[in-house]
Amino acid sequence: MGYVKTIDPSGGGTSGTFGPRAGAFHIPSLDGIRAIAVLVVFVGHGYLAPAAWPGHVGVTIFFFLSGYLITTLLRREYAKTRTVSLRRFYLRRALRILPPAFLAIIVTVALGATGIVVSSTTGWGVLAEFLNYTNYYIVLFGRDGLPPESTQLWSLSVEEHYYLVVPAVLLVLFRRKLSVRAIGWILVVVASAVPVWRIYLGLTGASFDRLYVSTDTRIDSLIFGSAMALLLNPALGDRLPGGARTDWHVRRWIAPLAVVVFVAVALVPQLEFRLSIADTIQCLCLVPIFWYIIVHPHSTVGRILNHPVVQKIGALSFSIYLFHRLVLVLVDQSFITVPAVVDLVSLILTILLAQVVFVSVERPCGRLRKRLEYSLPLR
């Protein structure tokens with residue numbers, strides 16, 4: 001893994017960023033993290049997982065990773081150009097997310113309409129998914145009316161709302177000449193207010209869905225990821241206080257302890273804890289975990305996360321997430337009756353379907369995205 005020089009967005013000269021070759025920007029291990037997150041979710045929706053399986057934490061990991069990665073790219077762009085092109089950003093997000101998501105919606109609607117899977121789909125439910133307000137539709141009307149086996153798109157709604165607002169806010173703050181660190185601490189304050197809001201809503205009788213799927217109650221995971229990208233980002237050359245000595249402590253005990261705490265919090269059965277401060281604790285744990293896996297891609301953990309098979313699953317994770325519930329139901333309706341076999345066959349078929357979507361939809365849209373992006377003026 002090469003080591004590429006880039007401009008330090010905080011104005012401190014040059015700093016290191018990781019790349020597989022000179023001139024390329026690549027953060028190691030992130031595809032591996034995506035693979036872990038999507039497999040955690042998959043098992044949680046499968047038929048073999050115990051009731052205590054914390055499938056929900058896969059979504060928390062996805063949120064934190066998305067916030068971290070998007071803000072890293074925006075910070076890097078601003079350091080190079082002294083601006084952020086919102087047109088290019090929204091073009092990239094739209095062509096990356098919407099085509100496979102719309103395809104998944106169309107497929108589920110079609111299978112429901114033909115009776116292959118049980119469906120209560122209504123036009124309002126389909127509209128909610130196409131317009132990315134599935135989460136608030138669930139809060140207001142429940143899951144009836146949505147296309148079958150597609151309720152996981154609530155999390156996509158949260159991410160889309162984040163993409164709509166946060167990059168524009170960051171651009172405004174950059175133009176106000178605030179330092180990267182100052183903006184990062186502002187995000188920490190905002191993210192820290194969200195669990196307080198969740199607790200207040202819980203104490204005033206808010207429903208499970210209101211607390212679990214709403215953007216205003218779940219966006220803290222994304223914002224904490226953004227804060228790490230601005231305050232403590234090893235991919236852009238940020239250094240730990242104390243330098244190598246502190247990094248040694250992160251490797252030796254802070255990151256392993258963070259993993260233990262993360263898992264312990266995920267296994268706490270009390271719903272009140274899960275819907276109040278559990279995500280906050282887990283996001284704080286993800287900071288040293290992300291630091292370790294990014295800085296040490298050649299460690300044992302790093303080699304696992306960067307294994308070609310794991311990376312491939314991570315690269316397909318979005319389509320796996322979109323289609324996995326539908327595939328699980330279709331396989332369960334077949335002649336297979338053993339839960340473990342249903343889950344295994346479903347996983348294999350979902351990965352194969354995700355590869356087809358990647359080749360036929362995601363890759364062509366990626367090429368189109370690059371052509372259109374470079375045709376747009378920067379400002």
Verify the distance criterion only: is there a donor paired with an acceptor across the side chains of [X] and [Y] at less than 3.5 Å?
| X | Y | answer |
| --- | --- | --- |
| Ser155 | Arg218 | no |
| Tyr137 | Ser157 | no |
| Tyr162 | Ser226 | yes |

Once you round to the nearest 0.5 Å, how far does [atom1] of [X] lie from [atom2] of [Y]?
| X | Y | atom1 | atom2 | result |
| --- | --- | --- | --- | --- |
| Ile36 | Ile293 | CD1 | CD1 | 7.5 Å |
| Leu74 | Ser85 | CG | OG | 10.5 Å |
| Asp238 | Leu230 | CG | CG | 9.0 Å |

Over-ring placement of Arg274 relative to Tyr212, 6.0 Å and 45° cut-offs: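 So Arg274 does make the cation-pi contact.
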
Pairs flagged by salt bridge (Lys or Arg N to Asp or Glu O under 4.0 Å) wherever residues 293-305 is involved - sequence neighbours left out: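 Counting only pairs at least two positions apart or across chains, no salt bridge (Lys or Arg N to Asp or Glu O under 4.0 Å) contact touches residues 293-305.
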
Is a donor on one side and an acceptor on the other found under 3.5 Å between the side chain of [X] and the backbone of [Y]?
| X | Y | value |
| --- | --- | --- |
| Gln152 | Leu322 | yes |
| Arg325 | Ser150 | no |
| Trp53 | His45 | no |
| Asn306 | Gly302 | yes |

Geometric class of the Tyr292/His296 ring pair [parallel <30°, tilted 30-60°, perpendicular >60°]: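 Ring orientation, 0 to 90° scale: tilted.
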
Mutual orientation of the aromatic rings belonging to Tyr136 and His161 [parallel < 30°, tilted 30-60°, perpendicular > 60°]: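 If you compare the ring of Tyr136 with that of His161, the planes turn out parallel.
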
Ile277: which of Ile199, Val265, Val196 passes side-chain contact (heavy atoms from CB on, under 4.5 Å):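 It is Ile199; the other options fail the test.
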
N-O pairing of Asp216 and Arg210 below 4.0 Å: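 So Asp216 pairs with Arg210 through a salt bridge.
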
